[in-house]
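One structure is given below, encoded as structure tokens.
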Amino acid sequence: MGDSSKSSPFNFSNFKDFKVISSSEITPLQTPDNNLLGISPAQLASFSPSTLDAAANAIGNPAASRDAAPNESMFMDIDQTVAVPHDRVKSAEQRPLFGRSKSQMVERRDIEEVMDLIRQRPGTVSEAGLARLAKANQLDFFADDFDWGKRLTLGGKIGIIDVDLQLPSNKVSEVICTLTSSTTGPQRQSVLYENLQAPTLDLFAKNVERFARLDRLSPGPEKLAAGELDNFQIIENLYLTALKRIYEHESKSITSPECEGHGCPVIDNEGVLGLSIWYWSTQHRIQDSQLPKKKWRVIVEIDSGRSGSGWGVLQNNDYIASDVTNSNGEINWQDPDYSNLEDQPNGFVLVLDPPVLIPYYDAAILDPNGEAQIETLPTLEGTDSVTLNSERCIYDRSGEPIKYSFSLSSSRMPEMRRIERVYISHPRQIFSVFEILRQVIRSRTLLDSVFHRRFQSSPIKGTAPSLSTFLHSSKPAKQPNSMSFRVEAPYGKLPRISLLLPTIDKSVADCKLSCFVFEIGRNGVVKMISSSVNEESNYSGKQELEAGLVNVVDIAEDLGIIGHWLREQIQ
């Protein structure tokens, strides 16, 4: 949430008559009195690329523009290929800002793109902003006047959101959310109220969009009167009768059900209206609130546009039986009544927050229609001929810094797809989706730990040495030690990380290499593949060291700390 006291980098106060010109027009920029001198150079610079700097200077000082010798580089086209001859250059007073030249057309297009982006923002908390939001989501909008301000109503087919707006401050004092066919708890209204305490409508707009979609796709009054459930009830039933019960059951036997099982379901939580499932957190096995942690979740929604293959939402079935697990210890999911799902246009969608980059062969499972675009993972471009390098300090248990240099000598990584939405035909598929997501996120987290993350240098005082001591210190470091990594994820195989560490063989006082190879399996499970110490594969304590390494990878999720721990064990 932003600070309303901070001014925007864009000053729109002088642009109330600003006209966005289409590419088919060649008229000048419309300003108050149609006078270019009414725009300051600073305002021009905030909307235009650097090639307009010369024009901005000329507008601010026309006399200097006429007297000074023209600089040919000022009049280069955007692509820097053709220079405009001096004899064709006119002063800013004679030449329209948006003329017929190629570079000016490109400049105008760039301004149009900026304005299009601005139009997509929902705006500030105000009557006009809420009215635009209602119109964009096909909701009815009403405004009732009171002594203290206005009550603004966004109404749908079965749901209504009332917002009490104090005037002239535009401060929201209360939000009431009412559903005609189901109850709504205070937490839902609290989420919407907190959204509207921000100066802009960004967070509130996302929840209104989600609210409007559930409302629009719900059955009509006749079907609801006949006993069918609206989409708000379906989402709430999925939470209460299935996901919450599974989480409570897994909490009795799994160390971290949030990151190992079916996730931690919450409803109307963390600024999101509806059902969210938290399924991963970095370093989730460490109970240290001082460590920066990142969390991932999916938001369970109902959407339309697909049919067949059991796609649809359950209306008449319980999701799981009275016993959460069957005799084999598996979740006792109930088979749906497929006659209920025939040709149903609506179904469950998992919205990934944040989106995740997935290898294309796994993305084909989550995105069978190939809607996501293929992209390259920027941090894994190292090959046999190109090496990625970085440096970082690792701190031992006493807080002493040890500088390491890291290199990614080879990587065989597949093309990736950015997955934002996953369509499922039954909630039983949620765990299978999480297995893929956790595998990819843990692999990426390990590599980012030494090639992307930035660490603070301030020490943590007053605590016993812990993992946080490894990450923070202000003491100077000595000469760097080195580690090298190889990463492979060929088609159809698990991501594999090889760590090569120069070590000392004390028996012969010689420097040799130690190598450790492990895989990241489904659900983020770590498995050792092979290891050698001082170039010997059959060494004393092999089984204990490999088991310890798996545990350290699972806890730390940091290749730097993992390598430092191995170096200590070997030496």
Side-chain angles (χ1 to χ4, degrees), residues 130 133-142 152-163 175-192 195 204-244 265-269 272-277 298-319 336-351 421-427 430:
L130 289 169
L133 193 58
K135 183 178 180 180
N137 289 281
Q138 304 174 33
L139 296 172
D140 296 327
F141 182 78
F142 306 96
L152 308 176
T153 301
L154 290 75
K157 183 165 55 177
I158 63 171
I160 294 175
I161 299 176
D162 290 320
V163 178
V175 179
I176 301 174
C177 180
T178 306
L179 298 174
T180 58
S181 57
S182 63
T183 59
T184 174
Q187 186 64 26
R188 178 174 299 167
Q189 297 176 168
S190 176
V191 167
L192 296 175
N195 289 166
F204 184 73
K206 293 179 180 179
N207 279 325
V208 168
E209 180 183 357
R210 189 172 296 113
F211 176 90
R213 185 186 302 112
L214 291 177
D215 179 280
R216 185 170 58 254
L217 299 177
S218 289
E222 293 182 0
K223 291 186 177 180
L224 292 177
E228 287 197 21
L229 305 178
D230 65 55
N231 289 333
F232 297 95
Q233 291 175 306
I234 291 172
I235 292 292
E236 188 174 355
N237 283 352
L238 175 60
Y239 167 72
L240 292 174
T241 65
L243 298 178
K244 184 180 179 181
V266 292
I267 200 159
D268 298 330
N269 180 267
V272 170
L273 201 67
L275 175 59
S276 300
I277 309 175
V298 296
I299 303 168
V300 182
E301 297 184 356
I302 293 176
D303 206 347
S304 63
R306 299 192 178 198
S307 61
S309 302
W311 163 256
V313 294
L314 299 177
Q315 287 280 354
N316 304 318
N317 293 80
D318 292 327
Y319 292 103
D337 179 1
Y338 287 102
S339 63
N340 180 342
L341 303 179
E342 185 177 0
D343 297 326
Q344 186 177 144
N346 303 334
F348 288 116
V349 181
L350 305 180
V351 179
R421 300 166 68 85
V422 179
Y423 295 82
I424 60 173
S425 58
H426 191 280
I430 289 175

Query raised in the report: Stepwise, does the side chain to side chain contact (heavy atoms under 4.5 Å, CB included) test hold for R421 with D303?
Result: CA-CA 11 Å; R421 300 166 68 85; D303 206 347; 2.7 Å; yes
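- Closest non-hydrogen pair, I299 versus S276, comes out as CG1-OG, 4.0 Å.
- A donor-acceptor pair shorter than 3.5 Å can be found between the side chains of N207 and N195.
- S304 and N346 share no donor-acceptor pair across their side chains, judged by distance under 3.5 Å alone.
- The closest donor-acceptor contact from the side chain of D268 to the backbone of L273 lies at 3.5 Å or more, if one exists at all.
- Here F142 contributes atom CZ and L152 contributes atom CG; the two are 12.0 Å apart, rounded to the nearest 0.5 Å.
- For E209, the side-chain contact (heavy atoms from CB on, under 4.5 Å) partners two or more places apart in sequence, or in a different chain, are N137, R213.
- The minimum heavy-atom distance between E228 and Q233, with the atom names listed, is O-OE1, 4.5 Å.
- The shortest non-hydrogen separation linking L224 to D230 is CD2-N, 3.7 Å.
- You'll find the side chain of V422 stays beyond 4.5 Å of the side chain of V349, heavy atoms only.
- For the atom pair CG (L214) and CD1 (I158), the distance works out to 8.5 Å, reported to the nearest 0.5 Å.
- The distance from atom CG of L229 to atom CG of N237, rounded to the nearest 0.5 Å, is 6.0 Å.
- Between the S218 side chain and the N231 main chain, a donor and an acceptor come within less than 3.5 Å of each other.
- Here the side chains of I161 and L139 are not in contact, with every heavy-atom distance at 4.5 Å or above.
- Residues L238 and F348 meet the side-chain proximity criterion, which asks for heavy atoms closer than 4.5 Å.
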Requested in this report: Run the numbers on K244 and I267 for side chain to side chain contact (heavy atoms under 4.5 Å, CB included), then give the verdict.
Outcome: CA-CA 10 Å; K244 184 180 179 181; I267 200 159; over 6 Å; no
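- Note that CD1 of I430 and CD1 of I424 are 4.5 Å apart. Values are rounded to the nearest 0.5 Å.
- The two atoms that bring D162 and I160 nearest to each other are OD1-CG2, 3.7 Å, heavy atoms only.
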Requested in this report: Start with the C-alpha gap between F211 and L192, add the side-chain angles, then the distance that decides, and say whether side chain to side chain contact (heavy atoms under 4.5 Å, CB included) holds.
Outcome: CA-CA 11 Å; F211 176 90; L192 296 175; over 6 Å; no
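- Separation of atoms CG (L133) and CG (L154) is listed at 6.5 Å; rounding is to 0.5 Å.
- One finds no salt bridge joining K157 and D215 here, because no Lys/Arg side-chain nitrogen approaches an Asp/Glu carboxylate oxygen to under 4.0 Å.
- Between the side chain of Q189 and the backbone N or O of C177 there is at least one donor-acceptor pair closer than 3.5 Å.
- Ring geometry for H426 against Y319 counts as perpendicular: the plane angle is over 60°, on a 0 to 90° scale with 30° as the lower cut.
- In this structure, the separation between CG on N269 and CG on L275 is 10.5 Å, given to the nearest 0.5 Å.
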